[in-house]
Every structure is written in C-alpha cells, then in structure tokens.
Amino acid sequence: MDLEEVYSPKYCQQLEAAYGPGMMSEGGTAAIEHLFDSVPMQGTKALDIGSGLGGVAFFVADRYNASVIGLEINAWMVQEAKKRTPEHLQERVDFVRATDGSWPFADGIFDVIFSKGVLTHVEDKTDIMNECYRTLKPGGLLVISDALSSESRKWGEQINHLNEMESLNMYPESESGYIKLLEKHNFILQSVRDDNKPCKKWTLEIINRLKNPANRAQHLHYFDPAELEAHIEGYEAMLKALETGELRSVRFIAKKGL
Ligand SMILES: C[S@@+](CC[C@H](N)C(=O)[O-])C[C@H]1O[C@@H](n2cnc3c(N)ncnc32)[C@H](O)[C@@H]1O
C-alpha cells in the first residue's frame, strides 16, 4: 500500500486517539517545544515536511509567531488541515500537496525547515534533501526528528513485528548514515541529540491512554476491539525497541552555509 492509502481518514482518527487532536506523532505540544528548544523560531518562515492533520503547524505558528507551510503527499490531509486551520492563523498557515521530487516553492525562502516523525517512512531521502537545500535561505536551519535504527541499519524483532502488523514501513537508517546524508547534501551539522528518554515517556503515556478503561468507550468510536489491541501491541513493541536501543529517536539540526 502506498502512503496515501495507509493514511486513510479512519487510520488518522486512530492516530489522533493515541497522539492527541491534530497530532500524528508522539509527545503532543511538549515534544514540539522539545524539538525547537534551541532553535530561534520566533517570527520565522517555516516549512513542515509531512504536516499530517496540521496540529504541529498550528502550534508552531501560535507559539513562535511563525508563518508555516505544511507540505503533504496526501491530498485529503491537505484539505483536512486547511479546514481545521483556526481563524486567527489563516493568514500565516497554509498547506500544500507535493511529491518528493519537486516542491512548488522558489529557491531560498525558508528560515527553518522541519520534520517530525516522517522521514523514516521515506526510503530514498535524496530528493527531499535536495529540495530542503534549495528552498532554505542561506544560513537557514533544517531540524529533523526521526526514528532511527542502531548502527547496524537493521531493525530487530520489535520493529520488524511492527512493520509486519502495520502496512506502513519504517526504513532503517543509522545516526552515522543520517550525518553522511546531511553532509553529502552540503548541510553543516550543528547538533545531534538522542531523544530516547523523553520518547519512552511519551510512548508509555500513549499506552496508558489507550489501555485506560475510562477511555475505552471513546476509543471504541475509532477502533474495533481487535484494532485497539493491535495498536496497543504496536506501541508496546515501540517502547521495548526504545528500551533496548533497537529504535532511536534522534533530533538533527543542520545549517545551510551562507
Ligand atoms: C507519522 S505522520 C506525522 C505527521 C506530523 N508530522 C505530526 O507529527 O503530526 C507522517 C506524515 O508524513 C506524510 N509524508 C510521508 N512521506 C512524505 C513525503 N515524502 N513528503 C511529504 N509528506 C510525507 C504522511 O502522509 C503523514 O501525514
């Protein structure tokens, strides 16, 4: 299945039940603030690669007084995120559909390009890296939070199991592989941060939210009981993988030279 089929409206409702309204990756607003904790975001023009339902873009626009364009391969999500854009952000937030190969933006227009929980689903990141470099301003920052494998560039038991359960693929890439990729595309690496500790906490919170009997009636609007069990099993596999280091949550900050 391609990504457009996988991210169906029903699947996205299930992700929102786990991650919170408008969110399709862990940690809610705390994780977004963590992503940008040393990044000068105030008043920037930013691009969000893989903007999903728009929750991250809305928070960034509000919290940092930024102008944000969300980029999505999935056409219905672009329409859905536009529909959900709050009135007070209409002037500063927009959503655009694009494929990897060519983005509909002029050269050198973004101060910051970021991506949260997306690029692990993209096997060949060459086109995206080229487009990031082309559309960033000189001196602009690329901020990526992604799910990595260990240095072996292979998943172990837990993530292989998760990839089998979901039709969604995570492709294994190591920290050193990522650094090489950034450098090959002329980015200057600024920092690499291991986020496994907060990510374990956020994943545990999701498991507890999905397992909580008080939430069960609400969850059964979105999942049938077997689907709910399968989602819980998936997050438990993720938690185990984070604990053993099979899965790593890493933030990279890289700069386009002047
Ligand atoms: C796990 S969701 C994360 C969404 C959002 N970043 C968040 O944290 O809520 C991954 C999203 O990336 C999108 N996506 C995957 N590959 C993409 C690509 N090459 N370009 C743009 N969006 C992509 C998917 O359609 C999906 O909406």
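Whatever order the structure lists ligands and atoms in, that order sets their numbers, starting from 1. All residue numbers in this chain count up from 1 along the given sequence.
Nearest protein heavy-atom neighbour of atom 19 (N) of ligand 1: Asp100 OD1, 2.5 Å. For atom 20 (N) of ligand 1, the closest non-hydrogen atom of the protein is Ile73 CG2, 3.5 Å. The protein atom (non-hydrogen) at minimum distance from atom 15 (C) of ligand 1 is Leu3 CD1, 3.4 Å. In this structure, atom 24 (C) of ligand 1 lies nearest to the protein heavy atom Glu72 OE2, 3.5 Å. Atom 4 (C) of ligand 1 has its closest protein heavy atom at Gly50 O, 3.3 Å. The single protein non-hydrogen atom nearest to atom 10 (C) of ligand 1 is Tyr7 OH, 3.5 Å, given as residue, atom name and distance. For atom 8 (O) of ligand 1, the nearest protein heavy atom (residue, atom name, distance) is Ser25 OG, 2.5 Å.
In this pair, Tyr11 and His231 present their aromatic rings tilted. The plane angle is within the 30 to 60° band.
Residue-level proximity to ligand 1 for Met24 is carried by backbone and side chain together, each with a heavy atom below 4.0 angstrom. The proximity of Thr99 to ligand 1, defined as any non-hydrogen pair under 4.0 Å, does not occur for either the backbone or the side chain. For Val56, every heavy-atom contact with ligand 1 shorter than 4.0 Å involves the side chain, none the backbone.
For the residue pair Lys125 and Val122, the shortest heavy atom distance occurs at NZ-O, 2.8 Å.
With hydrogens and angles disregarded, no donor-acceptor distance shorter than 3.5 Å links the side chain of Arg251 to the backbone of Ile144. At distances below 3.5 Å, not a single donor-acceptor pair connects side-chain atoms of His185 with backbone N or O atoms of Tyr133.
Among the atoms of Lys116, some N or O lies under 3.5 angstrom from an N or O of ligand 1.
Residue Gly117 places a heavy atom under 4.0 Å from ligand 1. Under a 4.0 Å heavy-atom criterion, Ile128 is in contact with ligand 1.
Lys201 and Asp195 are not joined by a salt bridge, as no carboxylate oxygen comes within less than 4.0 angstrom of a charged side-chain nitrogen.
Side-chain contact, Ser25 with Lys116: a donor N or O sits under 3.5 Å from an acceptor N or O.
Between Phe110 and Phe105, a ring centre-to-centre spacing shorter than 6.0 Å is recorded.
Residues Val192 and Leu189 have side chains in contact (heavy-atom distance under 4.5 Å, counting atoms from C-beta outward). Using a 4.5 Å cut-off on side-chain heavy atoms (C-beta onward), Leu204 and Tyr235 make no contact.
Atom numbering of ligand 1 starts at 1 in the shown order; those under 4.0 Å from a heavy atom of Met77 are 27 (O). Within ligand 1, the atoms closer than 4.0 Å to a non-hydrogen atom of Gly52 are 27 (O), numbered from 1 in the order shown. Ligand-side atoms of ligand 1 in range of Met23: 9 (O), range being under 4.0 angstrom from any heavy atom. Counting atoms of ligand 1 from 1 in the listed order, those under 4.0 Å from a heavy atom of Val122 are 16 (N), 19 (N).
Partner of Arg248 under the salt bridge (charged side-chain N to carboxylate O under 4.0 Å, His left out) criterion, chosen from Glu151, Glu173, Glu175: Glu175.
Leu136 and Val118 fall within the same hydrophobic cluster, defined by Ile, Leu, Val, Met, Phe, Trp and Tyr side-chain heavy atoms under 4.5 Å apart, directly or through other members.
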